[in-house]
Amino acid sequence: MTRTVDQSWALYDRALAVTPMGTQTHSKAPRAALRGAEPCYLQRGSGCRVWDVDGNEYIDFRCALGPITLGYAIPEVNDAVARQLADGVIFSYAHPLEIEVAETLVDIIPCAESVRFLKTGGEAMAATHRLARGFTGRDHIITCGYHGWLNTMERPGVPEAVRSVCRALPWGDIAPFQAAFDELGGKQIAAVSVACSYADIELGHRFLADLRSLTARHGALLIFDEIVTGFRLARAGAQQYFGVTPDLAVFAKGMSNGVPLSAYVGRRDIMEKVRDVVISSTFGGDALGLAAAKAVLAIYAREDVIGTLWARGRRLHDGITALASKLDVPVSIAGLPPLGQLQLPSPEARVAFEGECLRRGVILFSVLYTNYCLADSDIDEALIAMGEALAAVKSQGLFA
Ligand SMILES: Cc1ncc(COP(=O)(O)O)c(C=O)c1O
């Protein structure tokens, strides 16, 4: 174990002088407790592996916070982006790729009659909320799960007037949603938007069907945030896996294997409302993201990406369960194989375990994301590191 991450932390300290938190994304901020272990800066990736600025190699289950479903630097996707780059990134009028990718999404996503593109997941979710309000003429939005910073209301900086028409409710039980409709009266709520909770995602069979009935009964829209579930749980995400069709949905991360692109999709009559409510962005429809998405969609159509994400995830979950039993430690994994959630007894144990894994060349996250490049041998290699890491954390007394 001769790994050092000195250059990473020197860069991080330099970044703090010019960038609050040192990072653009909260989840990428290194943890003080992992100084000396966490690689703050990654230089490159290939397949299921990444290399940090100190030259250390890792098997990466963070997958760039979810969007890497195929793997890093996939030649077919890179070539498509490079070819498009030679022609140009963005133009003064629309590009034909906008139609091609939209047509494919209409073919494969149950709720998609009509499609529009933006750049990030959160702004596309904000677009669906704007559309829902414009279409229904109602103000209130009920959310369930994280939809990006733009849609996170319980924070300083959001006026009370805005907060008062937004309500965040927990995943899994229809009762609080029913109560909100009862309290506000059926004609106040424009939409319910929902992102799956990963640890108890199977509750979605009942919960999403119940939300579908409840919203339909009150003339409110149902919006699925498929930013993580799309192209991971199933190609068309939760709506395909659970067989519940929302009115609108957002896809992003895996749709273009990490090249920034988001799509909001749904019923044509609602989507047509973009004319009046005005959702418009200079970078909506940039050709690089669309070239990547076209290549990604072709790979998903041709190869069993989803089956592989599930199979590798299953091997990982079974392996972690076996390690926990063998070492007699209170560690488990909840949720479904392509996006399982590691359960540890305390935040201290979690940080210590992640640190010990990093020292052995494995990057973890609260959600363990699989990608199409992971071979069984990569999973087995990662499991050996995880077993050593669990033993190390146990010897520190953090599982007592
Ligand atoms: C379920 C979900 N919705 C929305 C978002 C926000 O997407 P973005 O960060 O691209 O704005 C995220 C980001 O992690 C997410 O996981």
Side-chain angles (χ1 to χ4, degrees), residues 21 23-29 60-69 109 116-132 141-155 158 166 168-172 191-201 203-204 207-208 211 222-234 236-242 246 248-266 279 281 283-284 286 288-290 292-293 296 309 335-336 338-341 364-371:
M21 297 180 71
T23 60
Q24 322 306 317
T25 309
H26 282 217
S27 301
K28 292 186 188 176
D60 180 14
F61 293 104
R62 277 192 166 206
C63 291
L65 311 180
I68 301 299
T69 45
I109 298 171
R116 240 161 160 249
F117 297 105
L118 286 164
K119 293 310 292 176
T120 70
E123 67 167 334
M125 281 306 301
T128 64
H129 291 169
R130 179 74 64 88
L131 272 177
I141 299 282
I142 298 182
T143 60
C144 175
Y146 178 67
H147 294 319
W149 73 269
L150 269 171
N151 311 297
T152 301
M153 299 298 159
E154 297 303 320
R155 295 286 170 180
V158 179
C166 301
L169 295 176
W171 166 266
V192 174
S193 63
V194 56
C196 291
S197 157
Y198 310 128
D200 47 3
I201 194 166
L203 292 175
F207 177 55
L208 294 177
L211 278 181
L222 180 62
I223 303 168
F224 280 5
D225 175 339
E226 305 268 26
I227 290 165
V228 166
T229 45
F231 301 94
R232 179 169 288 286
L233 188 60
Q239 59 194 278
Q240 182 180 347
Y241 182 75
F242 293 112
L248 296 172
V250 169
F251 289 77
K253 302 193 185 227
M255 181 172 64
S256 41
N257 198 45
V259 181
L261 181 71
S262 57
Y264 54 109
V265 310
I279 297 166
S281 168
F283 297 125
D286 94 273
L288 291 191
L290 289 165
V296 168
L309 298 183
L336 294 173
L339 65 182
Q341 268 194 325
L364 304 180
F365 191 48
S366 52
V367 193
L368 296 187
Y369 292 122
T370 53
N371 68 67

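Counting from 1, the numbers follow the sequence of the chain as shown. In each ligand, atom 1 is the first atom listed, and ligand 1 is the first ligand listed.
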Colleague: Tell me: protein heavy atom nearest atom 15 (C) of ligand 1, and distance?
Modeller: Y146 CD2, 3.9 Å
Colleague: Mind checking the CD1-SG spacing from I227 to C196? Nearest 0.5 Å is all I need.
Modeller: 12.0 Å
Colleague: May I ask you to check whether G121 has an N/O atom sitting below 3.5 Å from an N/O atom of ligand 1?
Modeller: yes
Colleague: Of all the non-hydrogen atoms in the protein, which one sits nearest to atom 4 (C) of ligand 1, and at what distance?
Modeller: I227 CD1, 3.2 Å
Colleague: Looking at ligand 1, does H147 have a heavy atom less than 4.0 Å from it?
Modeller: yes
Colleague: Name the closest protein heavy atom to atom 11 (O) of ligand 1, giving the residue it belongs to and the distance to 0.1 Å.
Modeller: G122 N, 2.7 Å
Colleague: So, R116 side chain and A127 main chain: donor-acceptor pair closer than 3.5 Å or not?
Modeller: no
Colleague: Measuring from the heavy atoms of D225, does anything fall under 4.0 Å of ligand 1?
Modeller: yes
Colleague: Answer yes or no for atom 9 (O) of ligand 1: protein heavy atom present at a distance under 4.0 Å?
Modeller: no
Colleague: Any side-chain to backbone donor/acceptor pair from K253 onto V228? Under 3.5 Å, distance only.
Modeller: no
Colleague: Short question: side chain of S256, backbone of A293 - any donor-acceptor pair under 3.5 Å?
Modeller: no
Colleague: May I ask you to check whether K253 has an N/O atom sitting below 3.5 Å from an N/O atom of ligand 1?
Modeller: yes
Colleague: With no hydrogens and no angle check, is any side-chain donor or acceptor of T370 less than 3.5 Å from a backbone partner on L309?
Modeller: yes
Colleague: State, with a plain yes or no, whether a side-chain heavy atom of I201 is found less than 4.5 Å away from one of Y241.
Modeller: no
Colleague: Compute the minimum heavy-atom distance from E123 to ligand 1 and say whether it is under 4.0 Å.
Modeller: no
Colleague: Give me the nearest non-hydrogen protein atom to atom 6 (C) of ligand 1 as residue plus atom name, then the distance to 0.1 Å.
Modeller: G148 CA, 3.5 Å
Colleague: Within the 4.5 Å heavy-atom criterion, are L65 and K28 side-chain neighbours or not?
Modeller: yes
Colleague: Closer than 3.5 angstrom, by distance alone: can the side chain of N151 be matched with the main-chain N or O of G122 as a donor-acceptor pair?
Modeller: yes
Colleague: Which heavy atom of the protein is the closest neighbour of atom 16 (O) of ligand 1, given with residue, atom name and distance?
Modeller: V228 CG2, 3.4 Å
